[in-house]
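Notes follow the structure.
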Amino acid sequence: MTQHLSLLVMLMLQVKGIQGQTEHLYKTLGEDVILSCNVSFSTDKCSSVSWRHNRIANPATELVSGGQVKQGSAGASRLSLSRNCSLLIRNITAEDAGVYTCRHETQAKLKVFLNTLGITSSSPDNDGSVILQCSLSGYDDVLCQQSRMFWKNKRGIVLLGKGPEFDFRGQNNCVSILAVKHRSENNKRYSCILFKDNKVKNSIVYKPSFTDASGQTEHLHRRVGDDVLLPCRAKSSSSSCSDVNWVYSKDADATVELQVRRGKVDPSSAGASRLSVSGNCSLLIRNITDEDAGVYTCWFKDTDESDADVYLSILENLPGHNFIIIGGAVVKVVLMFLGLVAALVCMYRKRTQKILKKKKSHGG
Ligand SMILES: *[C@@H]1O[C@H](CO)[C@@H](O)[C@H](O)[C@H]1NC(C)=O
Ligand SMILES: *[C@@H]1O[C@H](CO)[C@@H](O)[C@H](O)[C@H]1NC(C)=O
Ligand SMILES: *[C@@H]1O[C@H](CO)[C@@H](O)[C@H](O)[C@H]1NC(C)=O
Ligand SMILES: *[C@@H]1O[C@H](CO)[C@@H](O)[C@H](O)[C@H]1NC(C)=O
Ligand SMILES: *[C@@H]1O[C@H](CO)[C@@H](O)[C@H](O)[C@H]1NC(C)=O
């Protein structure tokens, strides 16, 4: 009986999922988001569209009605309606989280769940500790109970329990707390990762606002197809490159990929065939692509505190070269045009000369 009942409930939920048309978005505070109303273009009038925002703690608010953004509400200045009736919200805040419902006379209503993730940091206390709070906001707290927010350091290690540099204080409902030692000689990055339904839904990188004083950060700019040598400037308790480790992450992205482990290129890493470790522990990447842009971090023994970052930027391929090609083409066209004009002028002259000669011979 209970089995039948749960089957029925499951079926009902599935049907609801299909008919209700819901979408879940996981965004970062400060981002701009577009919530699609999914109006087909044949109806192309947004004048009958309304958008409503709802959060369990707040009463429903009408944000857009009759195709117009309602003025006066908090945050109305950040809202606009695009031509296809999508709602654009600029610079989202935690208060923007919740469920958005788009209504349109000819269309089934569409619900968009907007979930936000953000990191706040306390100012350093007397012993230089900073508390990082990673906060999730959504329609209700059920989202938080179903989600895990954990922290990684820039070496890609999940931070659990306590270490010399950190103290993971756990996740309390919608907030995950990490205390870190804030020292200017350590250019640390920490990432908060939101995990739900066995997937990473969002991640944010926290970078201390001070700039790196020790010169351990390097910025390189290269073009697609170049080879690049990334030097490892981490301080080491070892002098052997068989201890060197390299990881890679896209700048804004918190996922860290291991590329070199104890001096050896990880054969499963992306582009492994183009990677090698050179004699002085530098990472050599051959024939770089756009996807190689990002931050590379190296360190020696895992017990060493010191690590160093190299930021690799990929320059747009040869805008100067394009200019030369375009310039060359323009010169060619101009030359052809001048040639044509010269030819015409010649023909004209020959003709007029002939006519003149004829006239002369007639006259004479
Ligand atoms: C948008 O509408 C089409 C039908 O018009 C539907 O098939 C599709 O699933 C909808 N998309 C979303 C995100 O609801
Ligand atoms: C609606 O327009 C916005 C930009 O104005 C665009 O980003 C979005 O993809 C469009 N959505 C649909 C469903 O066409
Ligand atoms: C975004 O909003 C925050 C406050 O929530 C504000 O401090 C910041 O200046 C805004 N950024 C932009 C680009 O408007
Ligand atoms: C590391 O070795 C490469 C040759 O393998 C050399 O080109 C590069 O200058 C060296 N870098 C440093 C920092 O010594
Ligand atoms: C460099 O990579 C591109 C693809 O990204 C490939 O077409 C080209 O053959 C490679 N060049 C060399 C010298 O390996």
Side-chain angles (χ1 to χ4, degrees), residues 25-35 51 53 55 57-58 61 63-64 69-82 86-98 100 114-123 130-139 149 174-175 192 194 202-210 220-230 246 248 250-252 257 259-260 265-278 282-294 296 312-322 325:
L25 298 177
Y26 295 87
K27 298 289 176 179
T28 302
L29 297 184
E31 270 188 307
D32 299 344
V33 300
I34 293 172
L35 311 179
W51 275 100
H53 176 234
R55 216 173 164 197
N58 301 335
T61 324
L63 302 172
V64 171
V69 173
K70 286 198 152 183
Q71 297 306 318
S73 71
S77 62
R78 293 183 292 113
L79 301 179
S80 52
L81 202 62
S82 77
S86 300
L87 182 66
L88 171 66
I89 313 176
R90 278 179 298 274
N91 193 12
I92 56 166
T93 66
E95 285 70 41
D96 292 330
Y100 290 80
L114 176 62
N115 307 307
T116 66
L117 194 67
I119 296 182
T120 52
S121 60
S122 69
S123 42
V130 171
I131 309 288
L132 305 181
Q133 298 201 0
C134 187
S135 309
L136 177 62
S137 303
Y139 173 71
M149 286 177 279
C174 297
V175 182
C192 171
L194 173 64
N202 196 358
S203 58
I204 322 180
V205 182
Y206 165 79
K207 291 179 204 148
S209 53
F210 53 76
L220 297 176
H221 302 266
R222 292 292 183 278
R223 293 187 192 285
V224 170
D226 284 356
D227 295 347
V228 64
L229 198 61
L230 310 175
W246 280 97
Y248 162 79
K250 283 238 176 291
D251 186 29
E257 261 175 53
Q259 294 195 306
V260 172
V265 173
D266 182 339
S268 67
S269 66
S273 60
R274 295 184 292 117
L275 303 177
S276 55
V277 179
S278 77
S282 307
L283 180 66
L284 174 66
I285 313 176
R286 275 186 226 91
N287 192 15
I288 56 175
T289 69
D290 284 327
E291 279 74 54
D292 292 327
Y296 294 78
L312 177 63
S313 309
I314 311 294
L315 299 172
E316 281 303 311
N317 224 353
L318 305 176
H321 187 80
N322 285 345
I325 290 174

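Start at 1 and go down the list; that is how both ligands and their atoms are numbered.
For the pair Asp266 (side chain) and Val260 (backbone), a donor-acceptor distance under 3.5 Å is absent. Formation of a donor-acceptor pair under 3.5 Å by the Ser122 side chain with backbone atoms of Ile131 is found in this model. Formation of a donor-acceptor pair under 3.5 Å by the Asn115 side chain with backbone atoms of Tyr26 is not found in this model. Although no hydrogens or angles enter the test, the distance criterion places no donor-acceptor pair under 3.5 Å between the side chain of Asn58 and the main chain of Arg55.
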Throw together a table of side-chain donor-acceptor distances under 3.5 angstrom for residues 89-98, partners on residues two or more places apart or in other chains.
{"from": "Arg90", "atom 1": "NH2", "to": "Ser77", "atom 2": "O", "distance (Å)": "3.3"}
{"from": "Thr93", "atom 1": "OG1", "to": "Glu95", "atom 2": "N", "distance (Å)": "3.3"}
{"from": "Thr93", "atom 1": "OG1", "to": "Asp96", "atom 2": "OD2", "distance (Å)": "3.4"}
{"from": "Asp96", "atom 1": "OD1", "to": "Arg78", "atom 2": "NH2", "distance (Å)": "3.2"}
{"from": "Asp96", "atom 1": "OD2", "to": "Arg78", "atom 2": "NH1", "distance (Å)": "2.8"}
{"from": "Asp96", "atom 1": "OD2", "to": "Arg78", "atom 2": "NH2", "distance (Å)": "3.3"}
{"from": "Asp96", "atom 1": "OD2", "to": "Thr93", "atom 2": "N", "distance (Å)": "2.9"}

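Using a 4.0 Å cut-off between a side-chain N of Lys or Arg and a carboxylate O of Asp or Glu, Arg274 and Asp292 qualify as a salt bridge.
Taking only nitrogen or oxygen atoms, main chain and side chain alike, Asn287 reaches within less than 3.5 Å of ligand 5.
Closer than 4.0 angstrom to ligand 3 sit non-hydrogen atoms from Asn91, Thr93.
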